[in-house]
Amino acid sequence: MRKNPLRQRLVEGLPLLNAWLSIPSGYVAEGAGHQGFHSVTVDLQHGMLGFEAAVGMLQAISATPAAPLVRAPSQEPEAIMHLLDAGAYGVICPMISTAEEAARLVAACRYPPDGRRSFGPARGKLYGGADYFDGANGEILVIPMIETARAVDNLTEILSVPGVDMIYVGPNDLALDLGEKPGAETHPGATQDAITDILARAKAARIPTGIFCADGNQARARLDEGFDLVTPGNDFNLMMAAMTHALSACRGDP
């Protein structure tokens with residue numbers, strides 16, 4: 001089976017740079033995969049796209065060096081299995097708040113005897129190779145999102161679930177659940193304290209940790225803090241920032 005390059009980088013302690021796509025475009029997906037990102041995540045939770053668009057985007061990413069990841073639309077096992085069958089090499093799953101939810105996520109991503117994933121790899125086998133079934137359990141990354149106060153309370157148990165390969169912090173929803181506003185992680189307060197705590201406990205458990213960031217500067221700072229994977233914003237926001245910058249240059253703004 002095709003190896004998941006993210007796993008080797010994690011073993012070597014190398015940082016992972018992850019692109020995040022919310023726009024249904026194979027063209028953008030292919031371009032992102034050629035920019036130097038180690039992975040490209042197709043967002044089916046908050047992105048403006050559905051399964052059919054995601055398939056085309058995963059195909060486009062497959063033509064690049066980047067590993068294809070998805071953020072699942074929900075915790076529903078059927079949706080997760082469908083995306084794996086479409087060729088995703090890792091699943092970031094939203095709103096995992098308990099060890100039981102994390103265990104169900106692992107089960108949806110692993111074939112028996114390690115889980116309950118239904119067999120029918122379809123495009124996953126085309127991308128992964130003829131021996132996909134034999135190798136999938138060892139290559140697919142299972143990544144619960146930690147984005148609620150309850151998840152922080154239950155983090156030790158979540159980190160102990162067999163098959164959890166990484167956790168991914170969703171700072172905006174975490175801020176909302178802690179009574180703060182999106183973006184609160186950029187200044188001292190409950191959200192930043194929770195993120196610091198999450199990272200420390202994950203490191204103690206030797207579980208890699210990713211986080212969504214507002215931009216490249218924040219992503220660099222998170223890497224310096226010790227995060228293993230960073231996402232420097234999504235495609236739409238990066239595009240809007242580039243347009244704003246271009247307009248400013250055209251107008252000769254200071």
Side-chain angles (χ1 to χ4, degrees), residues 1-11 16 18-22 24-30 32-34 37-45 47 49-94 96 101-145 161-168 208 210 229:
M1 180 178 170
R2 183 194 297 256
K3 295 297 182 182
N4 189 333
L6 304 185
R7 285 192 175 276
Q8 186 58 38
R9 289 189 69 85
L10 289 171
V11 169
L16 300 177
N18 175 59
W20 196 274
L21 305 182
S22 63
S25 170
Y27 187 27
V28 172
E30 186 176 14
H34 282 299
F37 290 103
H38 304 109
S39 57
V40 177
T41 298
V42 178
D43 182 7
L44 286 96
Q45 185 192 20
L49 55 101
F51 179 78
E52 288 74 14
V55 172
M57 294 169 74
L58 291 171
Q59 289 173 316
I61 296 165
S62 297
T64 77
L69 307 180
V70 294
R71 174 159 71 169
S74 68
Q75 297 179 27
E76 291 300 319
E78 293 79 10
I80 291 167
M81 294 180 200
H82 206 189
L83 290 166
L84 290 172
D85 290 344
Y89 254 43
V91 176
I92 300 172
C93 188
I96 298 294
E101 290 173 348
R104 285 196 293 271
L105 171 61
V106 172
C109 295
R110 300 278 189 258
Y111 287 122
D114 301 327
R116 298 177 181 173
R117 181 181 171 187
S118 175
F119 182 74
R123 193 187 159 267
K125 187 175 181 179
L126 289 177
Y127 176 68
D131 57 346
Y132 179 90
F133 174 77
D134 296 321
N137 284 3
E139 298 298 335
I140 301 300
L141 288 171
V142 179
I143 309 172
M145 286 195 76
V161 172
V164 168
D165 297 302
M166 179 189 293
I167 58 171
Y168 188 92
L229 178 149

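Keep in mind it's a predicted model, so treat the numbers as computed, not measured. Atoms considered below: every heavy atom in the structure, side chains included; atoms not considered: hydrogens, waters and symmetry mates. Numbering of residues begins at 1 and proceeds along the displayed sequence.
Val91 has its side chain out of reach of Leu83: every pair of non-hydrogen atoms, C-beta onward, lies at least 4.5 Å apart. Between Pro208 and Leu229 there is no side-chain heavy-atom pair separated by less than 4.5 Å. Counting only heavy atoms from C-beta outward, the side chains of Pro65 and His38 never approach each other to under 4.5 Å.
Listed by chain and residue number, nothing satisfies the side-chain hydrogen bond (donor to acceptor under 3.5 Å, both in side chains) test with Ser25 (two or more places apart in sequence, or in another chain). Residues that satisfy the side chain to side chain contact (heavy atoms under 4.5 Å, CB included) test with Ala67, not counting sequence neighbours, are Asn4, Pro5, Leu6, Ser39. Applying the side chain to side chain contact (heavy atoms under 4.5 Å, CB included) test to Ala60 and every residue at least two apart in sequence or in another chain returns Ala29, Glu30. Every ring-ring contact (aromatic ring centres under 6.0 Å, His included) that His82 has, sequence neighbours left out, goes to Phe51. For Val161, the side chain to side chain contact (heavy atoms under 4.5 Å, CB included) partners are Ala99, Ala102, Ala103, Val106, Val164, not counting sequence neighbours. Every residue two or more places apart in sequence or in another chain that forms a side chain to side chain contact (heavy atoms under 4.5 Å, CB included) with Arg2 is listed here: Tyr89, Tyr127. In this structure, Glu101 has no salt bridge (charged side-chain N to carboxylate O under 4.0 Å, His left out) partners at least two apart in sequence or on a different chain.
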Would you give me the side-chain donor-acceptor pairs under 3.5 Å for residues 74-81, sequence neighbours excluded?
{"residue": "Ser74", "atom": "OG", "partner": "Glu76", "partner atom": "N", "Å": "3.1"}
{"residue": "Gln75", "atom": "NE2", "partner": "Pro94", "partner atom": "O", "Å": "3.4"}
{"residue": "Gln75", "atom": "NE2", "partner": "Met95", "partner atom": "O", "Å": "2.7"}

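The side chain to side chain contact (heavy atoms under 4.5 Å, CB included) test with Met166 is passed by exactly one of Val142, Leu16, Ile92: Leu16. Each of Leu44, Val42, Val70 was evaluated against Met57; a single residue qualifies, Val42, per the side chain to side chain contact (heavy atoms under 4.5 Å, CB included) test.
Listed by first and then second residue, the salt bridge (Lys or Arg N to Asp or Glu O under 4.0 Å) pairs that reach into residues 118-131 come to none, sequence neighbours excluded. Residue pairs meeting the side chain to side chain donor-acceptor pair (under 3.5 Å) criterion with at least one member in residues 107-117, sequence neighbours excluded, are Asp85-Arg117, Arg110-Asp165, Tyr111-Arg117, Asp114-Asn137, Arg117-Tyr132. A salt bridge (Lys or Arg N to Asp or Glu O under 4.0 Å) check over residues 60-69, counting only residues at least two apart or in different chains, returns nothing. Legend: salt bridge (Lys or Arg N to Asp or Glu O under 4.0 Å) pairs involving residues 57-72, not counting sequence neighbours, sorted by first then second residue: Asp43-Arg71.
Taking all atoms of both residues into account, the shortest heavy-atom contact from Ala86 to Val55 is CB-CG2, 4.1 Å. Contact detail for Ala88 and Ile140: the closest heavy-atom pair is O-CD1, 3.5 Å.
For the atom pair CG of Asn18 and OH of Tyr168, the computed distance is 5.5 Å after rounding to the nearest 0.5 Å. If you take CG on Leu21 and OG1 on Thr41, they are separated by 8.0 Å, rounding to the nearest 0.5 Å.
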